[in-house]
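Keep in mind that the numbers below use all heavy atoms, side chains included, and drop hydrogens, waters and symmetry copies.
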Amino acid sequence: QVQLVESGGGLVQPGGSLSLSCVISGIEISAYAVGWYRQTPGNRRELLTSITAGGHTYYDDSVKGRFTSSRDNAKNTVDLQMHDLKPEDTAIYYCSARKYGSELWGQGTSVTVSS
């Protein structure tokens with residue numbers, strides 16, 4: 001059974017930092033592209049960052065320079081370091097694993113940026 005379990009969300013003040021982690025079981029992520037998305041009510045899930053199986057990394061302009069993603073194929077984990085958080089970063093954050101057009105999702109973790 002494949003599971004993606006995100007953790008690390010919470011409440012943080014503007015300008016603060018949070019680290020999200022995604023533990024993946026049931027697959028070996030070394031063959032997968034992994035990524036982080038977020039979604040707010042009424043909006044589409046948007047891709048923030050992805051790392052291909054070969055290690056190439058993409059960041060959306062909205063998080064470039066503030067967020068850093070990483071993968072550990074040995075531990076089957078994907079992390080997202082978030083800095084200089086803004087109220088507009090408030091969302092449910094999801095990790096994903098994708099191969100050959102098939103995408104797997106976690107249940108999401110909530111991030112709220114508010115003073």
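Rounding to the nearest 0.5 Å gives a distance of 10.0 Å between OG of S21 and CG of D72. The distance from the OH atom of Y37 to the OG atom of S50 is 7.0 Å, given to the nearest 0.5 Å.
Every residue two or more places apart in sequence or in another chain that forms a side chain to side chain contact (heavy atoms under 4.5 Å, CB included) with S110 is listed here: I92, T112.
Cluster partners of W36, by chain and number: V2, L4, V12, L18, L20, I24, I27, I29, Y32, V34, L48, I51, Y59, V63, F67, V78, L80, M82, L85, Y93, L104, V111, V113. The rule joins Ile, Leu, Val, Met, Phe, Trp and Tyr whenever side-chain heavy atoms lie under 4.5 Å apart.
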- Task: Would you sort out whether Q39 and E46 count as a side-chain contact (heavy atoms from CB on, under 4.5 Å), showing the intermediate values?
- Result: CA-CA 6 Å; Q39 188 172 25; E46 60 172 340; over 6 Å; no

- Task: In sequence, state the C-alpha distance, the side-chain angles, and the governing distance for T77 and C22, and then conclude on side-chain contact (heavy atoms from CB on, under 4.5 Å).
- Result: CA-CA 5 Å; T77 59; C22 179; over 6 Å; no

- Before giving the answer on side-chain contact (heavy atoms from CB on, under 4.5 Å), spell out for T90 and T40 the whole-Å C-alpha distance, their side-chain angles and the decisive distance to 0.1 Å. CA-CA 8 Å; T90 296; T40 54; 5.9 Å; no

- Task: May I have the step-by-step check of side-chain contact (heavy atoms from CB on, under 4.5 Å) for S62 and R38, ending in yes or no?
- Result: CA-CA 12 Å; S62 64; R38 68 186 176 195; 3.7 Å; yes

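Formation of a donor-acceptor pair under 3.5 Å by the E6 side chain with backbone atoms of T109 is not found in this model. The closest donor-acceptor contact from the side chain of R98 to the backbone of A33 lies at 3.5 Å or more, if one exists at all.
The cationic atom of R45 (NZ for Lys, CZ for Arg) lies less than 6.0 Å from the six-membered ring centre of W105 and within 45° of the ring axis.
A salt bridge between D79 and R71 is absent, with no side-chain N of the basic residue lying under 4.0 Å from a carboxylate O of the acidic one. A salt bridge links K64 to D61: at least one charged side-chain nitrogen sits closer than 4.0 Å to a carboxylate oxygen.
Contact check for P87 versus P14: side-chain heavy atoms found under the 4.5 Å cut-off.
For the residue pair Q13/S115, the side-chain donor-acceptor check at 3.5 Å is not satisfied.
Summarising the local packing, CD of E103 is surrounded by more than 12 heavy atoms from other residues, nucleotides or ligands at distances under 6.0 Å.
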